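Below is one structure, written out as structure tokens; comments come after it.
Predicted model, so just to flag it, every value in this text is computed and none were measured.
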Amino acid sequence: MSARDAILNRLKHFQPQETKCAQVIYPNSTDENSFTRQDFIKSLTDAHAEVIECSTLNWPEKLLDLCCQQNWHYIACVASTHHAQLFLAEIAKEDKKSKKNSVSLIDLSEQVENFKDTLFNHVDVGLSVAAGGICETGTLIVRMTCEEPRTVSLVPEVNVVVVPSQNLYSSLEEAMKEQQWEKNMPSNLVLISGPSKTADIQQTLAYGAHGPKQLIVMLLD
Amino acid sequence: MSDSTASVNGQFSRRIEAALQDSGLRGNFRGAMEFLRDKRQAMFPDLDVWEALRLEGENIRATALAQLPDLLEKLEARCQLNGIQVHWAENAQQANKIIHKIISLRKATRVVKGKSMASEEIGLNHYLEARGIECLESDMGEYIVQLGKETPSHIIMPAIHKTKQQIAQLFHQKIPGQPYTENVDKLIGIGRHVLRQKFFEAEVGISGVNFAVAETGTLCLVENEGNGRMSTSVPPVHIAICGIEKAIPKLEDLPTLLRLLTRSATGQSITTYLNLISSPRLKDERDGPEEVHLVLLDNGRSRIYADPQLQKTLSCIRCGACMNHCPVYERIGGHAYGTTYPGPIGQVVSPQIWGLETTGAITQACSLNGACGEACPVRIPLPELIRRLRSEANAPDKKSGGVRGHGQLRSRKEAFIWFIWSWLNRSPGLYGLALKIFTRLGPLPAFVFDPWTRYRKAPAPQGKSFREQMRQRKEK
């Protein structure tokens with residue numbers, strides 16, 4: 001008998017006939033739909049992320065300014081995506097104006113085996129787009145697809161995530177329901193709530209354990 | 001857990017003694033436990049809300065367990081549809097073999113591991129290392145513990161027993177070219193730098209699973225550091241080890257369980273990353289593992305399932321709150337137990353996996369104060385289950401039913417003493433006689449009451465028993 005059958009047979013043999021569940025009554029209804037954009041910003045800021053409020057029109061310019069200020073030269077993402085195209089256009093505009101090229105987009109359109117070395121060793125910033133945000137906990141919903149590789153929001157030291165404001169949900173429950181997650185789970189979905197951290201050394205909090213040291217959220221209006 | 005299982009019962013007293021004498025260790029644990037308790041308490045300020053939340057958690061876990069075989073079949077079917085390969089292992093040996101086979105088929109020797117208590121339970125690292133495969137822990141705490149050739153002392157914070165000075169010393173000694181520093185940021189930076197190279201080179205990544213959602217065939221992993229995502233996204237192969245009790249029916253069950261888990265474990269409303277994995281790299285995707293394997297581990301869980309009372313053990317979401325609130329754990333630390341799972345949940349799970357005859361002694365490390373049961377976010381009646389195991393260990397018969405090792409820890413000497421005691425207490429005449437003799441004997445030598453008299457004077461009877469004195473007073 002296979003291990004599978006042995007295990008399932010044992011479980012089925014002892015499966016309880018019924019489960020009595022006591023009724024759950026929450027006191028003063030904890031209103032789940034009460035968390036706002038301000039809570040979103042505060043939770044992220046408390047978690048050491050940086051939130052930059054901007055608009056659909058000016059975020060590429062603000063990001064480019066930030067890259068120049070911080071000396072970030074190599075920004076990685078999939079170049080064919082809409083947000084990448086907007087950023088590329090901004091870079092081209094700036095390059096024409098200043099007649100020099102200080103920021104470059106690293107295109108991740110091939111398979112990771114081809115860009116792994118670059119991503120690990122030469123990229124400053126990974127540029128991502130979120131499918132939404134959760135206000136209760138200051139969380140970004142990042143769906144990994146052909147347009148959003150897993151490693152973009154993981155490997156580079158800085159992760160910049162563009163978040164459209166109209167997809168801000170109060171709670172995880174609401175986000176799951178509104179976006180119908182049960183019908184369309186991507187191969188990987190990650191909820192990101194701040195830069196990487198650990199308190200494993202004498203319970204002392206330190207940032208930048210293995211994931212990005214800096215998380216920058218461009219919150220569009 | 002490795003070949004040290006056999007020594008758990010035998011070594012327990014010695015380990016406790018050593019832990020109690022180590023004032024550094026006691027200081028570390030006290031500080032850490034207070035820190036974790038305070039953080040958790042801040043997350044549940046309203047007791048009524050806490051009680052409602054944990055009742056909901058209990059219901060979700062109970063409902064899931066009631067459907068467990070169906071859930072596992074559904075989970076397997078859905079995972080396979082998604083492209084995840086599913087394997088079943090009845091015990092540690094089978095699990096290790098399956099995992100080793102997957103790794104050998106790729107001719108891989110470099111494995112990187114995210115945190116997994118299930119993998120500690122089966123002794124995976126030792127098994128792989130004995131076969132020439134480097135299995136490197138990537139969670140900072142686990143990495144520290146592995147570097148020091150130790151085992152984790154807590155299920156959430158594995159290096160909780162170490163001070164930053166001890167860790168600084170360890171890094172300086174074991175990592176080539178690293179100067180001594182006690183700066184925590186710098187130490188974490190060193191760990192990041194070393195492990196980054198390992199993530200880059202790894203051929204296989206291994207992880208645990210916090211919850212496995214049957215509805216969508218999704219593996220849910222929580223973490224703060226990013227090493228879990230690294231281990232499950234960068235190497236071309238990802239192997240996830242999952243205890244069969246982790247299956248839950250639907251995605252909508254996750255928010256409550258996650259709320260309870262992260263707040264109970266580290267006092268966070270959410271962890272930095274919540275990683276939901278449903279398939280390997282799809283056709284148009286640029287990265288992600290080419291293969292994802294799910295190893296469903298039984299290792300005694302189906303036997304626990306068979307007992308209606310003990311079945312509640314399987315509700316555990318591995319938050320560690322019970323051990324954070326246990327006064328015994330606080331004073332002896334995790335290593336003293338000698339088992340993969342220490343503290344209250346360890347006392348309940350370990351004897352059921354490895355038998356009372358090897359690990360049953362740890363059920364005695366309990367003051368029956370009940371704090372663990374009150375702290376449990378899914379309302380596992382831990383004190384009741386600990387008492388049940390203690391009673392099974394001491395049962396007069398050795399019938400094969402019940403918990404493994406039923407009756408194996410019964411002490412005939414102790415049973416005889418209780419027999420005499422109950423005989424005396426049932427016969428008033430004999431009781432009176434015994435009392436008269438005892439009170440006339442004078443003080444017994446201290447060694448009779450050892451070790452009680454190590455720090456106290458031996459009791460000295462004062463001539464007449466209380467009953468006698470009262471009787472005489474009445475007669476007057």
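No other option in B:Glu58, B:Gln94, B:Glu73 has as many heavy-atom pairs under 4.5 Å with chain A as B:Glu73. Among B:Thr271, B:Leu254, B:Val234, the residue with the largest count of heavy-atom pairs under 4.5 Å with chain A is B:Val234. Residue with the most contacts toward chain A among B:Glu76, B:Lys162, B:Glu51: B:Glu76 (heavy-atom pairs, distance under 4.5 Å). With respect to chain A, the highest number of heavy-atom pairs below 4.5 Å among B:Gly141, B:Ala306, B:Ala89, B:Gly31 belongs to B:Ala306. If you tally non-hydrogen atom pairs under 4.5 Å between each of B:Ser269, B:Ala66, B:Pro280, B:Ala159 and chain A, the highest count goes to B:Ala66. Between chain A and the residues B:Thr216, B:Leu251, B:Ile277, B:Ile144, the most heavy-atom pairs under 4.5 angstrom are made by B:Leu251.
Interface remark: B:Glu215 contributes side-chain atoms only to the contact with chain A (heavy atom separation under 4.5 Å). With a 4.5 Å cut-off on non-hydrogen atoms, A:Ala199 touches chain B through its backbone and its side chain both. In this structure, the portion of A:Ile25 lying under 4.5 Å from any heavy atom of chain B is its backbone and not its side chain. Using a 4.5 Å cut-off between heavy atoms, A:Thr19 touches chain B through its side chain atoms alone. For B:Gln311, the part lying under 4.5 angstrom from a heavy atom of chain A is the side chain only. Residue B:Asp46 touches chain A through its side chain alone, counting heavy-atom pairs closer than 4.5 Å. Looking at A:Ala47, there are no atoms closer than 4.5 Å to chain B (heavy atoms on both sides), in backbone or side chain. Both the backbone and the side chain of A:Val155 come within contact range of chain B, judged by heavy atoms closer than 4.5 Å.
Panel note: side chain A:Asn167, backbone A:Gly132; no donor-acceptor pair is recorded below 3.5 Å.
Taking the side chain as every heavy atom from C-beta outward, B:Val49 and A:Pro27 approach each other to under 4.5 Å.
Under the 30°/60° scheme for interplanar angles, the aromatic rings of B:Phe29 and B:His161 are found to lie parallel. The aromatic rings of A:Tyr207 and A:His48 lie parallel to each other, with less than 30° between the two planes, well short of the 60° mark.
For B:Phe200 and A:Phe120, the gap between ring centers is short of 6.0 Å.
Pairs passing the salt bridge (charged side-chain N to carboxylate O under 4.0 Å, His left out) check and including a residue from residues 203-220 of chain A, sequence neighbours excluded, read A:Glu157-A:Lys213.
Separating the CD atom in A:Gln38 from the OG1 atom in A:Thr36 is a distance of 6.0 Å, to the nearest 0.5 Å.
Residues A:Glu113 and B:Glu290 come closest through the heavy atom pair OE2-OE2, 3.6 Å.
If you check the side chains of B:Arg61 and B:Ser315, you find no donor sitting under 3.5 Å from an acceptor.
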